[in-house]
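Here's the structure we're looking at; comments come further down.
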Amino acid sequence: MTHLTVSERRRLTAVRAGWLFDGIGGQLVADPVVVLEGARIRSVEAGVVPPPGADVVDLGGATLLPGLIDTHVHLAFDAGADPVASLRARADEEVVAAMAEAGRASLRAGVTTVRDLGDRGYLSLRLRGRAGLPTIVAAGPPITVPQGHCHFLGGGAEPTQFGVRRAVREHVDRGVDVIKIMASGGTLTPGTHQHRAQFDREVLCAAVDEAHRHGLPVTAHAHGTSAIEDALVAGVDGMEHVTFWSADGVDVREDLMCAIAERRIVIGATVGMVPVPGAAPPAEIACRLPAVRANLRRLHELGAPFVAGTDAGIAPMKPHGVLNTAPAALREIGLGPAAALRAVTSVAAGVCGLGHRKGRITPGFDADLVAVQGDPLTDPSALQRVVAVYAHGARVRR
Ligand SMILES: [Zn+2]
């Protein structure tokens with residue numbers, strides 16, 4: 001039996017397709033043959049005969065891409081009409097089961113890595129490394145103020161320098177991969193204000209300092225302008241949303257946008273949604289969207305790095321797996337065809353700390369692949385026509 005296991009492990013799978021986007025290059029490669037050995041990519045060549053003895057999977061004219069990487073999801077939210085209430089009604093075991101199902105839905109859509117930026121009680125850590133699920137990069141419960149944005153997830157901290165340092169250390173002890181901190185309020189949490197900062201600036205600075213002392217990156221939920229400014233000063237690695245939300249509209253702050261771009265702070269653009277009959281963003285969001293998009297467009301022009309963080313799970317328009325709709329939206333804010341694909345592959349891998357093994361189709365990298373029908377450079381909607389997915393070398397059942 002041992003012998004069989006070894007030969008099984010060495011078994012090669014040669015995936016042939018019509019085209020390949022390698023995660024970096026600006027053009028598709030024709031006639032690729034990607035050879036998978038176990039969970040790794042062994043070779044990537046064009047127009048060659050598959051190695052003898054390999055299992056050959058011919059995907060016809062499909063285009064292969066690296067498995068997609070969503071830098072902002074909430075596996076614990078069910079994408080229903082009231083995800084906060086449904087989460088509250090579930091015991092931990094039920095939540096874990098639902099999170100696993102959310103992970104499988106992501107995989108089926110071609111999303112092979114998710115960064116969970118807010119679970120309840122560190123539940124996403126239980127799912128990390130579980131077979132049949134995407135690779136999970138986990139923040140645990142987001143650090144927030146008592147009764148602050150998403151406090152019900154369990155990340156409320158005393159809003160002092162001591163309090164947030166202690167909260168960060170608890171997250172470190174639990175083994176999270178990234179610290180998520182709620183710099184501003186959010187619409188999901190009644191009683192908080194999206195346009196207002198939640199922490200004093202020195203407190204936010206202390207949280208970021210503590211995380212960096214432990215080698216963890218920090219990304220800040222930042223809508224309001226003062227929260228964005230505080231996060232910038234605090235030295236966060238990334239910012240989510242970055243809407244410049246004000247009490248009655250959206251601010252335009254060229255000075256802050258220049259500084260964000262200059263410091264290479266990663267913008268997690270909240271993009272990606274599927275149409276749901278009868279559902280539309282709430283009026284206070286819809287009326288601000290054109291100005292929010294203009295700010296994101298300006299940040300991109302200034303050279304800020306972009307990834308797509310869908311916030312999958314928080315609404316019916318944002319089901320798990322919705323990332324494959326995001327590149328089209330990134331194109332609308334000015335990213336070029338290849339840049340929009342890099343944002344959901346190689347750039348996102350780097351942001352997740354996985355740039356050495358994910359986000360590219362190249363020898364030695366993880367065998368995470370998605371095959372789609374069409375050319376995703378000329379038509380980003382091709383990403384929604386998924387024909388095959390491999391995660392860690394295993395084909396995902398559709
Ligand atoms: Zn979120």
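All of these numbers come straight from a predicted model, not from anything done at the bench. For ligands, and for the atoms within them, numbers begin at 1 and follow the listed sequence.
Taking a cut-off of 2.8 Å, the protein N, O or S atoms nearer than that to the Zn ion (ligand 1) are His72 NE2, His74 NE2, Asp311 OD1.
Electrostatic pairing of Arg104 and Glu101 counts as a salt bridge here, judged by a charged N lying under 4.0 Å from a carboxylate O.
In terms of the side-chain contact (heavy atoms from CB on, under 4.5 Å) criterion, residue partners of Val292 (sequence neighbours excluded) are, by chain and number, Thr243, Val250, Arg288, Leu296.
Across Leu127 and Ala100, no two heavy atoms sit closer than the pair CD1-N, 4.0 Å.
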Hey, mind stepping through His241 and His72 against ring-ring contact (aromatic ring centres under 6.0 Å, His included) and telling me if it holds? CA-CA 10 Å; His241 315 304; His72 186 155; 5.3 Å; yes
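At a cut-off of 3.5 Å, with distance as the only test, a side-chain donor of Thr189 or His149 sits close to an acceptor on the other residue. Of the N and O atoms on the side chains of Asp70 and Thr310, at least one donor lies less than 3.5 Å from an acceptor on the other residue.
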